Amino acid sequence: MDKSSALEYINQMFPTEASLSGVEPLMQKIHSEIRRVDAEILAAVRQQSNSGTKAREDLAAATHAVEELMYKIREIKTKAEQSETMVQEICRDIKKLDFAKKHITTTITALHRLTMLVSAVEQLQVMASKRQYKEAAAQLEAVNQLCSHFEAYRDIPKITELREKFKNIKQILKSHVFSDFSSLGTGKESEETNLLQQLSDACLVVDALEPSVREELVNNFCSRELTSYEQIFEGAELAKLDKTERRYAWIKRRMRTNEEIWKIFPTSWHVPYRLCIQFCKKTRKQLEDIHNNQKEKPDVGTLLLALQRTLEFEDELAEKFGGGTRGREVGNEIEEIGRGENTSQSASDIRKKYEKKLAAHQESNTEEKDKELSAPAAGFNFRGIISSCFEPHLNVYTELEEKTLMENLEKLVQEETWDIEEGSQNNVLSSSIQLFLIIKRSLKRCSALTKNQTLFNLFKVFQRILKAYATKLFVRLPKGGTGIVAAATGMDGQIKTSDRDERVICYIVNSAEYCHKTSGELAESVSKIIDTQFADGVDMSEVQDEFSAVITKALVTLVHGLETKFDAEMAAMTRVPWATLESVGDQSEYVNGINMILVTSIPILGTLLSPIYFQFFLDKLASSLGPCFFTNIFKCKQISETGAQQMLLDTQAVKTILLEIPSLGHQTSRAASYSKFVSREMSKAEALLKVILSPIDSVADTYRALLPEGTPMEFQRILELK
């Protein structure tokens, strides 16, 4: 404690004079504490002194123990070295004997194998000279195995000599085998009964020789077999497209005739398979030469028949040797074209569809298992190996298809009644449906022949045909009056439509919609069928745009036809003596006329048109009739107050009639926007008549309030009416 702290402590212990009596006991307590602490310090010092001495003794003892341990380790190490030297001395002679035994065993084995090799080579030489192929094949395997043991002794003269001798024997065997096989197919096999067995044994020898020998033998055999084929079909008489089928008949007959003879070849050689590959390559080259040497365009029938027979032959080879199946789903893809409206397929139809797919899958699996036995693992793709050479020359086919399709289109349009049979569900012209049936048949024919450039060219033909049909539909729409008579009667540009014309227009709209949808399905199907390199170019958007334009034009024509009918009633409205009317009665006769026109036409249009196009028609009609009625009011010369009241009554009646059009057409699902539009347009006519009914002194204010967008010119015309 510092002095101030000690002072505070004393004052705290003895705050009063009376408390000083406790000083003596406190002093005794403190002295006792001091003595106790001194004793503890003294004991600690003595203990520390004793601990230092003991620590030095323990360290000295530990050091001594470590020295003893090191001495013992050195002793053990020395004894171990002595023991090792002693063991080596003992085993030296045994080790020499062991190495000697090992070398003697190796030498005996090598000499034994050498004896066997020499003997085997001698025996093989005898077998080769006697053409004992079966025994020679087994002996070849043995010699090959023995030779593998002497790879490390290649430089020893005796081994080199034996290897050279073995090589010569193999060459002799090869020449004997090739010589014997040269007689195969010459008729000797029927004379010499054991020839086939001998050749079968020779195949074993070939398998025992290098793989290149087998390749050479098979290639020679195939070339020899096809020599007569080349000679026969390179002649002027048979080197023609119409003789193509005879080529395939020749190879099939050859394979059928020699089937038993060719069984001498091991199945792993795939001789018929290799023969067919060479046949296909030679046939393709000859057919290319025939195509290139033709001076005139080939006959389409001959060309297609040759291509058809070629495809059938390729299919047969693919089925026999493997190489995939030609798209089985192609027919299904094409059949789906034009069936988009039948979305509610029955459960049985769906089940049948998937049952067919499952059966086809199982059948293909079974075929694959069979093919594994007859074809190599990496199967050669026979599809297109010959038929692809026809591709550059099929322009004549697409030209014929286009000509046929155009003729069919003209015939369909000429025979079109422009009416729908009783009981028809889709209200589509028969020419539309028939046209797509014809296109589907054409697509089926072409896809069965090729899925490359020719199919793409045919798709372009389909585009042109459909565009031509769109033009035919466009031309059939009623046209406006033209010429001097039309101009004199005020009918220039106006379209007059009868009830039948309105029906025809609806049929054209539905047919164009059907064509728009089905052409998209056609493009989708073709893109799935055609080779992937052409799939991106398959697009029907331009054709669909053409049909969309036909739909728009047809609906606008329908509106113009109704406008022309309304013109007569609008003219009747201007002939009413509005200035001299004495009283307000029921709605005027022209309103009844408007109602009659709509009641006659709208129910039929609502039944025939789809909701989306009926809505489009309504929007066009409302945007035409509202402004037309408004403008027609100005054509009346003068309107009295009574006349204005009568006209206001008529306007409200016309508005009600127009608002009921969706109900008349039995299509009210999208009527809200139409009703709003009609109300807005007809309210302008009502506002105009209210301005006419207003007093002279407030007419300007009423005009500004009810027709804020009006012009001074329009206001002047209102004053003239009033």
Side-chain angles (χ1 to χ4, degrees), residues 1-117 141-142 144-160 162-163 377-378:
M1 294 182 182
D2 56 20
K3 289 181 180 179
S4 60
S5 300
L7 190 61
E8 285 175 6
Y9 177 71
I10 292 169
N11 289 334
Q12 185 181 354
M13 295 296 293
F14 307 104
T16 61
E17 188 176 347
S19 63
L20 290 174
S21 60
V23 170
E24 275 305 320
L26 177 63
M27 290 295 291
Q28 289 175 4
K29 183 180 177 183
I30 290 172
H31 283 302
S32 175
E33 184 71 22
I34 289 170
R35 283 194 296 274
R36 189 183 62 76
V37 171
D38 285 344
E40 285 180 2
I41 290 170
L42 184 60
V45 168
R46 285 173 179 167
Q47 186 180 355
Q48 182 64 34
S49 176
N50 293 338
S51 296
T53 305
K54 193 173 187 311
R56 282 192 293 274
E57 289 174 358
D58 290 345
L59 180 61
T63 306
H64 181 68
V66 169
E67 287 174 354
E68 283 184 356
L69 181 62
M70 290 294 292
Y71 175 73
K72 286 180 181 178
I73 289 171
R74 281 195 294 273
E75 235 182 10
I76 291 167
K77 189 175 180 183
T78 303
K79 287 180 180 179
E81 288 173 353
Q82 289 172 357
S83 298
E84 186 181 0
T85 305
M86 191 184 298
V87 169
Q88 284 178 350
E89 289 292 331
I90 293 168
C91 294
R92 182 177 294 149
D93 295 335
I94 297 172
K95 208 170 185 181
K96 285 180 181 178
L97 290 171
D98 188 49
F99 279 128
K101 179 187 174 185
K102 187 177 178 182
H103 291 321
I104 289 169
T105 304
T106 305
T107 305
I108 290 169
T109 305
L111 288 171
H112 181 61
R113 285 175 177 165
L114 182 61
T115 306
M116 290 171 64
L117 179 60
E141 292 287 349
N144 280 326
Q145 198 170 359
L146 287 168
C147 280
S148 65
H149 294 296
F150 292 98
E151 282 296 322
Y153 310 109
R154 296 175 71 96
D155 298 334
I156 296 172
K158 181 64 178 176
I159 301 298
T160 306
L162 280 172
R163 291 177 72 87

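The structure presented is a predicted model; accordingly, all values stated were derived computationally and were not measured. When reading the values below, keep in mind they use all heavy atoms of this one structure, side chains included, and skip hydrogens, waters and symmetry mates.
One N or O on the side chain of Thr85 and one on the backbone of Glu81 form a donor-acceptor pair closer than 3.5 Å. In terms of modelled atom types and a separation under 3.5 Å, the side chain of Ser51 and the main chain of Gln47 share a donor-acceptor contact.
Here the side chains of His64 and Glu68 are in contact, with some heavy-atom distance below 4.5 Å. Considering only heavy atoms from C-beta on, Cys91 comes within 4.5 Å of Val87 through its side chain.
For the atom pair Lys29 NZ and Leu26 CG, the distance stands at 7.0 Å (nearest 0.5 Å). Residue Thr53 holds its OG1 atom at 10.0 Å from CD of Gln48, rounded to the nearest 0.5 Å. To the nearest 0.5 Å, atoms OG (Ser83) and CD1 (Ile76) are separated by 11.5 Å. The structure places CD1 of Ile104 at 9.5 Å from CG of Leu97, a figure rounded to the nearest 0.5 Å. Taking NE2 from His103 and CG from Asp98, the interatomic distance works out to 9.5 Å, rounded to the nearest 0.5 Å. Taken to the nearest 0.5 Å, the CD1 atom of Ile30 stands 7.0 Å off from the CD1 atom of Ile34.
In terms of the salt bridge (charged side-chain N to carboxylate O under 4.0 Å, His left out) criterion, residue partners of Lys54 (sequence neighbours excluded) are, by chain and number, Asp58. For Glu33, the salt bridge (charged side-chain N to carboxylate O under 4.0 Å, His left out) partners two or more places apart in sequence, or in a different chain, are Arg36.
No more than 12 heavy atoms of other residues, nucleotides or ligands lie within 6.0 Å of CD in Glu17, so this atom counts as exposed by the packing criterion.
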